[in-house]
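The structure appears right after this line, and notes come after that.
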Amino acid sequence: MATLQADFTLPLRAFALELALGVSGTVALVGPSGAGKTSVLRVIAGLVEPRRGLVALDGERWLDTERRVSVPPERRRVGLVFQDYALFPHLSVRANVAFGAGGRPVDAYLERFRIGHLAGAHPRELSGGERQRVALARTLARDPAVLLLDEPLAALDAHTKTEVRHELAELLRELALPTLLVTHDYEDAAALADEVGVLVEGRLRQLGPPAELVARPKDAFVASFTGANLLRGRARRGDGALTAIRLEGGDDLYSADEAEGDVGVVVYPWEVSVARTHVPDADSALNVVRGQVGSLVEVANRVRVRVGPVTAEVTAASAERLELASGGVAYATFKATGTRLVPL
Amino acid sequence: MFAAAAAAFAFLLFPIVAIFSRVTPGRLVAQLSRPVVTDALVLSLKTSAIAQALVLLLGTPAAYLLATRRFRGRSVAVVLVELPLVLPPAVAGIGLIAAFGRFGLLGGTLDGLGIRLGLTQAAVVIAVAYVSSPLYVRQAIAAFEAVDADLVAASRTLGAGPVRTFFRVVLPLARRGLAAGEALSFARGLGEFGATIMFAGSLQGVTQTLPLAIYGEFNRPPHGFTTALAMSALLVVVSGALLVTLRVILQWQPSRPTSRFLFAPSR
């Protein structure tokens, strides 16, 4: 597969976007809104000119500020799917899809995205899911060499989203194009991409396979963004090989990671067990947090339970067996080896 | 509130009613057989058509640039474009003479090129274009600004260059606003009086447009007022037909509030 190379600096209002990225396969950029994610796509597509930089697909230079090369967007062979799809409101579905096809027939695309029956309809008559399929069909009918997706799932309701996410993952695998997508949702990124980059205030904090970001988050932001608990405290060398962390609330936690000073204790919800009672020294888990049960949120067949400052994920059956109810007292326990320490 | 609305409505309509109350349809039709009237009508329509073609041809790209490019002095440029709107017609006429007249700033240059504008149809066209174009341009700026920038970006990434993007995306989406602006501009140009009479004069068959002919007739005793009335009725019919036609054309597309200037008062 070809490799898209992007390395540039673009001053934005509050900070400068600085990025060096090689994309082959699917890469997802995640980050909070305002992190500069969309600007990355716009630079690659040629819609925004960075102050300095290089954008190239293998040997084909689309932008090289040093050599004063800047290919206009229409000659970059880039397929950009906009966040709200940017379908042409005055054109039918068929005319939208045919817009970039250069006169080639588009029936195959209408078929493939199941929008053949909508060929004569106008965008305002379509549902969110249909619009997304039209936008994808229109982009692919242009025969791009690189695919850029801006929040491809954000405009969809929760029900449609799961289904579309699955379809999209399959489509991306099938297309085998270098693809860069941006999203604010880590789960979407993990489901769609081979590699995930966390972008905060214009800089890439960490880039790696989704599992690696979860296993070894580089900092507190990456950890909390991937869905982990983050407990703030002060680390000091404890008994044996363990590090003891005094939390802000006064509790002590232990971690197998080494650190000193102000740290964040990272623990994923699925590493945390929940119990109604606690017998000291009867558990291999060293860390115990006693707290009130806060919210209980069902996610598929699991329940996310908040115990004091910690979110735990237990099966729906366990939640029922324990008769967990908000307001009651419970104990959240997790092993020292289930934690990661990140500097704050 | 209803009383105020009724009063305003009556006030706006009453002079028109007054004209038609004194002109029978027969008299109105009879006007069309008088050379002074037909000459003026033909001249009005011809100069308006040429002036509006120029307004569209030059005003559209100018408006698009002002709407889409960010550059230093842009807001100043937008204000300057609208300036002729607030100029009294007499001032516009003096300005045109000072600029393009025989002894004007460009007069010598034009004379050297063998061009003399005084008392020609070209002078009428210039006067009409000068006073009417700002109405089109400012409405066109608003219409172009209302086109979603993402649609333009989408067109570009789909392989369309700036020109193709303009004709396939921007123009169709701004069409309603442009048509509304053009309707206003045309109506204003057709009624143009002050700048034309000063800059181009009032020569029957050459520079005497319908409004000028009405004024000329009005000043000619003893029956001037009655013929001026009949010609006024004719001008109302022509302008009204034009406005209705444009309205009908505009109704084609789903309504968007881009036509809000259509009935704004013009001098």
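Below, chain A is the first sequence line, B the second, and so on; all start at residue 1.
The main-chain N or O of P32(A) is found under 3.5 Å from a side-chain atom of K37(A) such that the two form a donor-acceptor pair.
Contact of F82(A) with chain B is made through the side chain alone, with heavy-atom distances under 4.5 Å. For a residue to count as touching a neighbouring chain, one of its non-hydrogen atoms must lie under 4.5 Å from one of that chain's; by this rule R168(B) touches chain A with backbone and side chain alike. Looking at D84(A), only its side chain comes within 4.5 Å of chain B, counting heavy atoms on both sides. Heavy-atom distances place both the backbone and the side chain of S155(B) under 4.5 Å from chain A. If you measure heavy-atom distances from L87(A) to chain B, the contacts under 4.5 Å come from the backbone alone.
Across all their heavy atoms, S133(B) and S185(B) have their closest contact at N-OG, 4.2 Å.
Side-chain atoms of E49(A) and S70(A) form a donor-acceptor pair, as typed in the model, at a separation below 3.5 Å.
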Worked check of salt bridge (charged side-chain N to carboxylate O under 4.0 Å, His left out) between R52(A) and D7(A): CA-CA 8 Å; R52(A) 165 206 79 76; D7(A) 179 352; 3.2 Å; yes
Side chain to side chain contact (heavy atoms under 4.5 Å, CB included) evaluation trace for L172(A) with L149(A): CA-CA 11 Å; L172(A) 294 180; L149(A) 307 172; 4.2 Å; yes
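Under the 6.0 Å distance and 45° angle rule, R138(A) counts as a cation-pi partner of F88(A).
Options R76(A), R75(A), Q83(A), R42(A) differ in how many heavy-atom pairs under 4.5 Å they form with chain B, and the most are formed by R42(A). When each of P73(A), A141(A), G79(A) is checked for heavy-atom pairs under 4.5 Å with chain B, P73(A) comes out on top.
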